[in-house]
There are 2 protein chains.
Amino acid sequence: MNRVLVVDDEPQIVRALVINLKARKYEVDSASDGATALRLAATRHPDVVVLDLGLPDMDGVEVIKGLRGWTRVPILVLSARQTSDEKVEALDAGADDYVTKPFGMDELLARLRAAVRRAEPVGAGGGAAVVRTEGFTVDLAAKKVTRDGADVRLTPTEWHLLEVLVRNTGRLVSQKQLLQEVWGPSYGTETHYLRVYMAQLRRKLEADPSHPRHFVTEPGMGYRFER
Amino acid sequence: MNRVLVVDDEPQIVRALVINLKARKYEVDSASDGATALRLAATRHPDVVVLDLGLPDMDGVEVIKGLRGWTRVPILVLSARQTSDEKVEALDAGADDYVTKPFGMDELLARLRAAVRRAEPVGAGGGAAVVRTEGFTVDLAAKKVTRDGADVRLTPTEWHLLEVLVRNTGRLVSQKQLLQEVWGPSYGTETHYLRVYMAQLRRKLEADPSHPRHFVTEPGMGYRFER
DNA sequence: CTCCCGCGTAAAAAAAGCGTCAACAGCATG
DNA sequence: CATGCTGTTGACGCTTTTTTTACGCGGGAG
């Protein structure tokens with residue numbers, strides 16, 4: 001889940017934000033002055049910062065610059081000041097968004113989501129994209145399989161089958177599920193295909209293809225990939 | 001020089017934006033309806049889109065979704081509607097920012113700068129935008145390819161294709177992704193184009209074009225650039 | 001013990017995909 | 001107006017991939 005750093009010197013605003021954010025399963029840290037904010041940002045590495053400009057100890061723009069010196073974390077500025085100059089200054093200092101008080105909680109949360117979303121890396125897939133065994137390595141993101149340092153060439157069907165199995169490492173995948181995921185929803189009984197392609201995967205990846213260690217047959221049920 | 005796509009059905013707003021943007025050295029395209037906007041976005045590849053939600057031919061949120069189907073270009077929404085629901089809907093559909101009319105030009109431009117800035121690749125401040133192989137060198141920033149000390153002349157399409165591949169060095173890029181990024185979202189099955197242009201890239205860059213080392217074909221899946 | 005079914009393997013036939021050459025149209029340039 | 005460049009499209013031979021067919025093996029049921 002995402003971590004948010006809330007920075008505001010008005011306790012009631014902090015409380016309202018914290019309650020709303022926690023209800024939506026964000027992890028929340030809070031600070032009421034700039035120095036604390038910078039320290040927390042450095043130690044806690046939030047995914048987004050909500051920053052009030054009117055802080056007691058330092059100018060809000062200085063906080064933005066302090067953050068931008070070392071991180072690109074999204075900064076959502078919150079301010080009572082509505083003048084155009086203030087907004088321009090904050091945005092050009094490195095803020096990502098600027099919301100004037102009083103603000104609607106729904107809107108603020110939506111802007112927060114937008115900020116978090118666009119900060120996500122391109123590969124939106126969750127989880128480790130590389131799976132290693134002692135014999136070979138599968139890189140889901142690059143769609144690449146390596147064995148003894150050399151690339152292994154897989155056909156689209158072989159790759160797709162491998163992908164489904166690896167994404168379910170350790171779990172049994174039924175024949176029907178494999179067929180439908182790889183060949184399409186109208187397939188489900190053509191277990192021939194599985195035997196043929198399993199043999200090819202084993203030939204390309206198993207040290208001893210006739211005694212497979214990683215691509216295990218569960219007779220009558222399906223197949224299982226073991227790391 | 002950044003390219004902006006302005007979408008609004010009120011001519012005076014478009015004119016005001018275009019004048020201000022051009023004065024600040026942006027390249028500007030404009031559209032007055034959603035269909036044109038989507039087409040221009042596909043063909044011109046703007047760095048940021050300024051989108052009015054009240055278009056004559058389609059719902060603004062649909063335009064956002066149409067863009068988000070294939071690109072992460074920043075979208076700055078412009079709208080006369082101020083209700084929280086509208087904002088939330090647009091932001092959650094994939095917009096990056098939401099400004100209500102009437103708006104201050106200074107603020108809009110500052111938000112535009114913020115949107116463009118954060119969309120820049122991480123290594124933008126002098127990072128390694130140059131990729132070298134033993135045969136040739138690609139400079140992403142300068143949009144230049146060098147081989148044996150001499151510049152290689154690439155057509156716009158060739159360059160675009162090369163760019164996508166190089167930005168994904170080592171990763172397999174699917175045929176569909178290549179087609180959509182280079183030719184636009186309505187393409188996806190015209191694999192013929194890829195074959196023709198791959199051949200041209202190889203002829204210009206590979207030492208032995210018929211045995212490519214860097215532009216690898218993964219039959220049925222896509223292509224991969226290897227350094 | 002024998003039969004039968006599911007499994008693995010191999011090799012065929014069929015289909016799909018790839019690279020290449022060449023022609024053509026649109027467009028900007030000179 | 002001619003020219004050259006670019007992007008699009010078609011045709012063809014060839015290779016790879018998928019599908020289909022065939023056959024041997026082994027374990028469990030009867």
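Computed over heavy atoms, backbone and side chain alike; hydrogens, waters and symmetry mates excluded. Per chain, numbering begins at 1; letters A, B, ... match sequence-line order.
Contacts of B:R195 classified as salt bridge (charged side-chain N to carboxylate O under 4.0 Å, His left out), with partners at least two apart in sequence or in another chain: none. Considering only residues two or more places apart in sequence or on other chains, A:S210 meets the side-chain hydrogen bond (donor to acceptor under 3.5 Å, both in side chains) condition with A:D208. Residues forming a side-chain hydrogen bond (donor to acceptor under 3.5 Å, both in side chains) with A:Q177 (at least two apart in sequence, or on another chain): A:E181. A:R213 meets the salt bridge (charged side-chain N to carboxylate O under 4.0 Å, His left out) test with A:E134; sequence neighbours excluded. Checked against salt bridge (charged side-chain N to carboxylate O under 4.0 Å, His left out), A:E89 has no partners two or more places apart in sequence or in another chain. When the side-chain hydrogen bond (donor to acceptor under 3.5 Å, both in side chains) test is applied to B:D8, the partners found at least two apart in sequence or on another chain are B:K101. By the side-chain hydrogen bond (donor to acceptor under 3.5 Å, both in side chains) test, A:Y98 is found to be paired with A:S79, residues two or more places apart in sequence or in another chain being considered. Considering only residues two or more places apart in sequence or on other chains, B:E218 meets the salt bridge (charged side-chain N to carboxylate O under 4.0 Å, His left out) condition with B:R224.
Among the heavy atoms of the strands, none lies under 4.0 Å from A:W159.
The span of DNA chain D lying next to chain B, judged by atoms under 4.0 Å from heavy atoms, is bounded 5' to 3' by D:dT6 to D:dT17.
Within residues 164-174 of chain A, no residue has any heavy atom under 4.0 Å from DNA chain C. Contacts between residues 150-158 of chain A and DNA chain D, defined by a heavy-atom separation under 4.0 Å, are made by A:T155, A:P156, A:T157.
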Inset, instruction - Scan nucleotides 2-21 of chain C nucleotide by nucleotide, 5' to 3', and note B when protein non-hydrogen atoms come under 4.0 Å of the base, S if they reach only the sugar-phosphate, - if neither. - result: -----BBB-------SBBB-
